[in-house]
Amino acid sequence: MQCARDAAAVGQGFTRLKPPSHLDLKLPSPLEPLDDARAARRGVRILLKRDDLIHPDLPGNKWRKLAPNLAAAREQGYSTLLTFGGAYSNHLSATAAAGHYFGFDTVGVVRGEEHLPLNPVLAKATGFGMRLTYLDRTAYRAKQTPTVLDPLLAEFGRCYVLPEGGSNALAVRGCADPVAEMIEPFDTICCAVGTGGTLAGIASALEPGRRALGFAVLKGGGFLRADVAALQTAGYQRVTGNWSIETGFHTGGYARQSPELARFIADFEHEHGIRLNRVYEAKMMLGLMSLLERGRFAPGGTVVALLA
Ligand SMILES: *Cc1c(COP(=O)(O)O)cnc(C)c1O
């Protein structure tokens with residue numbers, strides 16, 4: 001079979017492609033203090049690492065994960081990227097955009113049936129030239145098996161295959177970049193946890209004494225601990241003991257929003273002028289503020305919140 005599934009680990013660093021001159025990536029991403037009364041009362045400094053500002057078409061952690069994979073795909077002579085996602089997957093549209101900007105053809109394998117007209121996420125993906133194909137839920141679950149993957153590769157040709165959500169070994173290492181970019185001292189870095197690739201990467205890159213704290217965005221997120229450990233092993237051949245996952249702030253489940261979360265997002269925007277992503281970072285920030293109120297963070301310390 002002609003495909004590169006999870007690219008093998010290749011030493012500590014990874015190769016980067018030079019972005020085309022017309023692609024203006026805001027890197028390193030900005031680090032901004034959050035002027036928040038609750039944090040001030042507790043004597044805790046909060047900094048926002050603004051990966052959400054890297055590029056409108058390449059949302060933060062999706063870009064961090066794609067960057068090393070694009071270089072690997074180019075190095076290995078692939079001209080097509082193939083990946084998987086649900087009909088509302090940001091990873092699909094980000095892969096489509098990356099393909100457009102870096103000169104790869106892209107194929108998106110979508111879970112479920114085709115619904116026309118396409119929703120905004122899939123319309124954006126096809127706008128960037130992504131070809132879409134659909135798998136029923138049973139086939140989708142078996143998407144990494146040769147039975148399902150081989151016919152796809154027969155149809156679309158030699159493809160660099162990225163997993164659903166984009167989290168493979170190289171992606172985990174790309175996710176360490178926001179940490180590498182920060183020279184400001186801090187104690188804890190927080191992120192939202194979907195597949196866990198971001199948490200795995202940032203935790204792997206932390207200096208001793210620092211901790212990473214993830215907030216699961218889906219219900220029953222306890223399984224994510226094993227996933228993050230597996231992703232760290234894939235990316236770095238070791239599991240670090242410096243991270244944990246809060247599973248109590250999913251507000252009802254993936255893409256679910258409680259009235260409390262809706263109010264929190266509105267208040268945060270009103271106070272800080274930042275519209276938090278309601279599927280991911282809003283839950284992290286709600287959780288961070290709750291833990292802050294409970295005295296979880298030591299006074300005098302600095303907490304970084306990663307907006308991906
Ligand atoms: C995909 C995504 C996440 C989840 O990251 P994982 O590495 O899958 O845990 C968080 N925030 C945003 C904005 C995302 O698009």
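In this chain, residues are counted from 1 in sequence order.
- Between the CG atom of D177 and the CD1 atom of I54 there is a distance of 9.0 Å, given to the nearest 0.5 Å.
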The test is side-chain contact (heavy atoms from CB on, under 4.5 Å); show your working for I189 and M182 and say whether it passes.
CA-CA 11 Å; I189 179 166; M182 282 188 281; 3.7 Å; yes
Determine, step by step, whether F215 and C190 satisfy the side-chain contact (heavy atoms from CB on, under 4.5 Å) criterion, reporting the C-alpha distance in whole Å, the side-chain angles of both residues, the deciding distance to 0.1 Å, and the verdict.
CA-CA 8 Å; F215 294 84; C190 299; 3.9 Å; yes
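- With R158 contributing its side chain and G77 its backbone, the two residues share a donor-acceptor pair below 3.5 Å.
- Contact of the I245 side chain with the L199 side chain is registered, since non-hydrogen atoms from C-beta on lie closer than 4.5 Å.
- Figure legend: R173 and F14 shown without cation-pi pairing, the cationic atom not lying both under 6.0 angstrom from the six-membered ring centre and within 45 degrees of its axis.
- In this structure, CD in E281 is found 8.5 Å from SG in C191, a value given to the nearest 0.5 Å.
- Atom CG of D35 has 12 or fewer heavy atoms from other residues, nucleotides or ligands within 6.0 Å.
- Judged by distance alone, the side chains of D57 and Y101 do bring a donor and an acceptor atom under 3.5 Å apart.
- Checked against the 6.0 Å centroid threshold, F102 and W63 count as a close aromatic pair.
- Closest of all the heavy-atom pairs between A73 and F104 is CB-CE2, 3.9 Å.
- Aromatic pair H91/F84: centroids not less than 6.0 angstrom apart.
- A salt bridge links E181 to R64: at least one charged side-chain nitrogen sits closer than 4.0 Å to a carboxylate oxygen.
- The neighbour count for Y88 OH, taken as heavy atoms of other residues, nucleotides or ligands under 6.0 Å away, does not exceed 12.
- Here the side chains of E114 and Y134 are in contact, with some heavy-atom distance below 4.5 Å.
- Under the 4.5 Å side-chain criterion, counting only non-hydrogen atoms from C-beta, V193 is not in contact with V217.
- Judged purely by atom type and a 3.5 angstrom limit, E164 has no side-chain atom pairing as donor or acceptor with the backbone of G85.
- At least one side-chain heavy atom of N69 sits under 4.5 Å from a side-chain heavy atom of N168.
- Shortest non-hydrogen contact noted between P151 and P146 is CD-O, 3.6 Å.
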Could you walk me through whether T247 and R225 pass side-chain contact (heavy atoms from CB on, under 4.5 Å), step by step?
CA-CA 10 Å; T247 56; R225 296 190 181 100; 3.7 Å; yes
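- Using modelled atom types and a 3.5 Å distance limit, the side chains of D51 and N61 yield no donor-acceptor pair.
- The cationic atom of R131 (NZ for Lys, CZ for Arg) does not lie both less than 6.0 Å from the six-membered ring centre of F156 and within 45° of the ring axis.
- A donor-acceptor contact shorter than 3.5 Å links the side chain of R210 to the backbone of F186.
- Counting only heavy atoms from C-beta outward, the side chains of L149 and T145 never approach each other to under 4.5 Å.
- In this structure, D36 does not pair ionically with R42, as no charged nitrogen and carboxylate oxygen lie closer than 4.0 Å.
- Without hydrogens or angle criteria, K49 side chain to S29 main chain gives a donor-acceptor distance under 3.5 Å.
- A cation-pi geometry, defined here as NZ or CZ lying under 6.0 Å from the six-membered ring centre and within 45° of its normal, does not hold between K219 and F249.
- The NE2 atom of H55 lies 4.5 Å from the CG atom of L23; values are rounded to the nearest 0.5 Å.
- Between the SG atom in C175 and the NZ atom in K65 there is a gap of 5.0 Å [rounded to 0.5 Å].
- In this structure, D24 places its CG atom where only 12 or fewer heavy-atom neighbours from other residues, nucleotides or ligands lie under 6.0 Å away.
- L31 contributes atom CG, which lies 5.5 Å from atom CD of E184 (distance to the nearest 0.5 angstrom).
- Although no hydrogens or angles enter the test, the distance criterion places a donor-acceptor pair under 3.5 Å between the side chain of K283 and the main chain of H250.
- Here the side chain of N119 pairs a donor or acceptor atom with the backbone of A87 at under 3.5 angstrom.
- The two atoms that bring A216 and G221 nearest to each other are CB-CA, 4.3 Å, heavy atoms only.
- The minimum heavy-atom distance between A255 and R278, with the atom names listed, is O-NH1, 3.5 Å.
- In this structure a side-chain-to-backbone donor-acceptor pair under 3.5 Å is missing from T126 to G129.
- Around the CZ atom of R256, the shell of radius 6.0 Å holds no more than 12 heavy atoms that belong to other residues, nucleotides or ligands.
- Within the 4.5 Å cutoff, side-chain heavy atoms of I265 are placed close to those of Q257.
- Between L162 and L82, the closest side-chain pair of non-hydrogen atoms is not below 4.5 Å.
- With rounding to the nearest 0.5 angstrom, the CG atom of L25 is 12.5 Å from the CG atom of L53.
- A tilted orientation is assigned to the rings of F128 and H100, their planes being inclined by 30° to 60°.
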Table please: side-chain donor-acceptor pairs of residues 284-308 below 3.5 Å, with sequence neighbours left out.
| unit_1 | atom_1 | unit_2 | atom_2 | d |
| --- | --- | --- | --- | --- |
| S290 | OG | L286 | O | 2.9 |
| R296 | NH1 | E246 | OE2 | 2.7 |
| T302 | OG1 | R45 | NE | 3.4 |

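- Side-chain contact between T80 and Y160 is absent, with no heavy atoms from C-beta onward closer than 4.5 Å.
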